[in-house]
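So the structure is just underneath, and the comments pick up after that.
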Protein chains: 2
Amino acid sequence: MPQQRSEETRAHLLDAAVRRFAISGYNAASVDEICAEAGVSKGAFYHHFPSKQAVFLALLDGWLKTIDSGLESMRQATVPETFVEMTRLLPAIFAAADERLPMFLEFWLQASRDEKIWEATIAPYRHYQEYFARLVADGIAEGSLKPETDPQAAGQVILSLAVGLFLQGVLDPHGADWQKVGEESMKILMNGLAS
Amino acid sequence: MPQQRSEETRAHLLDAAVRRFAISGYNAASVDEICAEAGVSKGAFYHHFPSKQAVFLALLDGWLKTIDSGLESMRQATVPETFVEMTRLLPAIFAAADERLPMFLEFWLQASRDEKIWEATIAPYRHYQEYFARLVADGIAEGSLKPETDPQAAGQVILSLAVGLFLQGVLDPHGADWQKVGEESMKILMNGLAS
DNA sequence: AAAAACATACCGACTGGTCGGTATGTTTAT
DNA sequence: ATAAACATACCGACCAGTCGGTATGTTTTT
């Protein structure tokens, strides 16, 4: 085990960071706090990351990779099934109950302000937009979706809905039966798009 | 003009606060910053507001009142028209291009963490949920919407979509033709819900 | 009418404490 | 032994909130 301990420390720091950021927010969560929760010193922190922002970017990167792998698994299926699968999986990806969810809100908020973080966020995000637009276009080509649908806009609508469901789930977890709302939204989407 | 100057000062402070909060975020925006932008002293600030949080809550209150008046104007119309009007107005309310929009993201994020702010946010929010659910229920009773629709869930879906559209509009204003996406989303919603 | 008493609005220096980051020393693995 | 991994002590900047004081009315008294 060469640098195993080192990697464990790094993992502990990332784990502590995501929790502190989620609970207190990026600004309010201090490096000292994160170190304490990770059980390491500040020296270790700055040995592994050049700055506080760097941890944040590392977490963002990990989150984007997680979503990507979720999308990748959907990309295997054929198009009509993909579309159904997508509408099923989308809320699951975004709304999986997890105490770290406020972290993602934090990502977006920071992204809207910090140029560096914005670039790291928006590029993959646009990639998702295109992905959904393509899915809709394929559905139309196959005849399973209304031909007059605008693929770009419809893809955006699906993404918007997912984002909205996710956000509400974060802010008011017990405010509704989100499982049910997710299913209802998929019904409405399918009815509204299917030919 | 006795306390006119006083009210002007207060207005300047609120105006400066909403801008600083939107640009820098609640935590990063300092009271000094806000005072400087408002052109008044820190003493004036704490003369008008007991704390930094109090300004935030005052802004939140103003925002909720704005939305409420928008909904109120819709409440006049008869139900089927109301439903169409609603689907038209909703994105307009949330997505009106305005440099202060990130402020609302800030509201939500703070709400997810600060109990006081959460209470001020979530109560009106649940009120909107009920409002939309009732609208859908009325639409079903009138026969204009699918009878098997769950009003609660469907109302949530509409709200989610609005929230998602709004959020994306904030984060990536030039990432799509949001006008078009808004229209498309309304088409899909109507198709998916109409009987 | 004018002065005294009071009230409101505002100023800006200051405080106690926090934070991100650094400098420097110690331990651990190879 | 030597370099990477980690710890400790510390620095300068900043920040929310306080406080003594001023300036500008407003009300009361004479």
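Residue numbering restarts at 1 for every chain, and letters A, B, ... go by the order of the sequence lines. Everything numeric here is computed off the predicted structure, so don't read it as measured data.
- Taking atom CG on A/L13 and atom P on C/dG20, their separation rounds to 14 Å, with Å as the unit.
- The phosphate of C/dA9 has OP1 or OP2 within less than 4.0 Å of a side-chain N or O from B/H47.
- A salt bridge is absent between B/D138 and B/R134: the closest approach of a Lys/Arg side-chain nitrogen to an acidic carboxylate oxygen does not fall below 4.0 angstrom.
- The separation between B/F49 atom CZ and C/dA9 atom P is 12 Å, rounded to whole Å.
- For the pair B/H48 NE2 and C/dT8 P, the computed distance is 13 Å after rounding to whole Å.
- Considering every non-hydrogen atom in both A/I34 and A/L13, the closest pair reads CG2-O, 3.9 Å.
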Please tabulate, one pair per line, each protein N/O and nucleotide N/O from nucleotides 10-16 of chain D that are separated by under 3.5 Å, including the distance.
{"from": "D/dA16", "atom 1": "OP1", "to": "B/A29", "atom 2": "O", "distance (Å)": "3.4"}
{"from": "D/dA16", "atom 1": "OP1", "to": "B/K52", "atom 2": "NZ", "distance (Å)": "2.8"}
{"from": "D/dA16", "atom 1": "OP2", "to": "B/V31", "atom 2": "N", "distance (Å)": "2.8"}
{"from": "D/dA16", "atom 1": "N7", "to": "B/K42", "atom 2": "NZ", "distance (Å)": "3.0"}

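- With contacts defined as side-chain heavy-atom distances shorter than 4.5 Å, the pair B/F49/B/L14 qualifies.
- The nearest whole Å value for the distance from the CZ atom in A/R20 to the P atom in C/dC19 is 11 Å.
- Of the possible polar contacts, one joining the B/R113 side chain to the A/A22 backbone as a donor-acceptor pair under 3.5 Å is found.
- Here B/A141 pairs with nothing under the side-chain contact (heavy atoms from CB on, under 4.5 Å) rule; sequence neighbours left out.
- With rounding to whole Å, A/E7 atom CD is found 10 Å from D/dA5 atom P.
- With respect to A/R10 and A/E7, no salt bridge is recorded, no charged nitrogen being found less than 4.0 Å from a carboxylate O.
- Of the residues near DNA chain C, B/G39 and A/G43, the one whose nearest nucleotide (by heavy atom distance) lies more toward the 5' end is B/G39.
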